Amino acid sequence: MDREKAIKAVEDLLKALGEDVMREGLKDTPRRVADAFAEFVSGEGQDAGEHLSKTFTGAGGELVIEKDIAFSSTCEHHLMPFFGKIAIAYIPDGKVVGLSKLARTVEVFSKRLQLQERLTAQIAEEIMRCLAPKGVMVVCEAEHTCMTCRGVKKSGSATMSYSIAGNFPEDKKREVLALIK
């Protein structure tokens, strides 16, 4: 990210909104907003597979679930935050990964300009690619501020998405959905 261009862009936006960028409350706002957006998109260019590369031998066939992985991301349509929780379930086929690595994978993909559906699919695809499990299911429930703070202004509404890759049997899918509630 070109920090100076980002700062200037925020200054220009504030001016276009009729604000005085030199008033006390706004003097450092362009820098703060630029720094915030640098953090919001810090996963861009990162390789999530790096976190999933350290594996351990694990018994095959059992279901591994990590749920309630909190995340925040930025909607690419409105540049507004969406946030919630993700659950990852996979059926190992000889390889397992440290649980913190699943949370780190979520972090890499969520720290990009994103769509919830794409976020969910990218996590599932990366786990399939790196761990080669029998199957993986990723469930995401999120609140989008573009729905709660503007537009239809429906506070408390949640959007759910899920992505399944590999061989993830229907009975396991039902089990995961029941366990993560």
Side-chain angles (χ1 to χ4, degrees), residues 1 37-148 154 156-181:
M1 179 178 105
F37 271 89
E39 183 179 330
F40 297 163
V41 298
S42 62
E44 198 61 54
Q46 286 189 26
D47 178 11
E50 197 175 290
H51 299 294
L52 297 170
S53 64
K54 175 96 167 111
T55 61
F56 307 95
T57 302
E62 296 301 316
L63 188 60
V64 175
I65 302 173
E66 184 172 353
K67 67 177 198 165
D68 296 332
I69 304 168
F71 78 94
S72 64
S73 191
T74 305
C75 166
E76 68 181 29
H77 293 153
H78 300 99
L79 298 182
M80 293 184 72
F82 66 97
F83 54 90
K85 293 184 178 181
I86 290 179
I88 298 172
Y90 70 99
I91 304 167
D93 193 12
K95 291 193 293 189
V96 294
V97 67
L99 297 177
S100 69
K101 305 309 182 196
L102 296 175
R104 290 186 190 283
T105 301
V106 169
E107 191 72 7
V108 167
F109 287 117
S110 67
K111 294 302 178 198
R112 298 176 178 183
L113 294 180
Q114 208 38 292
L115 298 174
Q116 180 176 334
E117 300 86 348
R118 182 187 319 123
L119 170 65
T120 308
Q122 286 174 329
I123 294 166
E125 291 164 7
E126 192 69 2
I127 291 169
M128 278 303 291
R129 185 181 74 79
C130 295
L131 300 183
K134 293 176 183 173
V136 64
M137 179 176 180
V138 177
V139 181
C140 179
E141 184 171 353
E143 184 172 323
H144 294 251
T145 60
C146 57
M147 284 213 23
T148 61
K154 296 301 176 198
S157 63
T159 301
M160 288 193 72
S161 59
Y162 69 87
S163 182
I164 296 175
N167 181 15
F168 206 91
E170 191 64 33
D171 64 322
K172 294 288 188 197
K173 177 181 161 186
R174 284 191 300 273
E175 182 179 350
V176 167
L177 292 173
L179 288 169
I180 65 173
K181 284 195 175 214

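For clarity, every value in this text was computed on a predicted model and none was experimentally measured. Values reported hereafter were calculated over all heavy atoms of this structure, with side chains retained and with hydrogens, waters and symmetry mates removed.
- Not a single donor-acceptor pair under 3.5 Å links the side chain of Glu66 to the backbone N or O of Leu102.
- The side-chain heavy atoms of Leu131 and Val136, taken from C-beta on, include no pair separated by under 4.5 Å.
- To the nearest 0.5 angstrom, Met147 atom CE is 10.5 Å from His78 atom NE2.
- In this structure, CZ on Phe40 lies 10.0 Å from CG on Leu79, to the nearest 0.5 angstrom.
- Evaluation of the salt bridge (Lys or Arg N to Asp or Glu O under 4.0 Å) test over residues 81-92, restricted to residues two or more places apart or in two chains, returns none.
- Every residue two or more places apart in sequence or in another chain that forms a side-chain contact (heavy atoms from CB on, under 4.5 Å) with Met160 is listed here: Val139, Glu141.
- Thr120 meets the side chain to side chain donor-acceptor pair (under 3.5 Å) test with Ser161; sequence neighbours excluded.
- The backbone N or O of Phe83 lies less than 3.5 Å from no partner atom in the side chain of Ser72, so there is not a single donor-acceptor pair.
- Sequence neighbours left out, the pairs with a member in residues 45-54 that pass salt bridge (Lys or Arg N to Asp or Glu O under 4.0 Å) are Asp47-Arg129.
- Applying the side-chain contact (heavy atoms from CB on, under 4.5 Å) criterion to Pro169, with sequence neighbours excluded, gives Ile91, Asn167, Asp171, Lys172.
- With sequence neighbours excluded, the residues that form a side-chain contact (heavy atoms from CB on, under 4.5 Å) with Lys173 are Met137, Tyr162, Ile164, Phe168, Glu170, Leu177.
- One distance of note links CD1 of Ile123 with CD1 of Ile88; it measures 5.5 Å at 0.5 Å rounding.
- Taking the ring-ring contact (aromatic ring centres under 6.0 Å, His included) definition, one finds that His144 meets it with Phe82, sequence neighbours left out.
- Listed by first and then second residue, the salt bridge (Lys or Arg N to Asp or Glu O under 4.0 Å) pairs that reach into residues 95-120 are Glu76-Arg118, sequence neighbours excluded.
- For Ala121, the side-chain contact (heavy atoms from CB on, under 4.5 Å) partners are Glu125, Ser163, not counting sequence neighbours.
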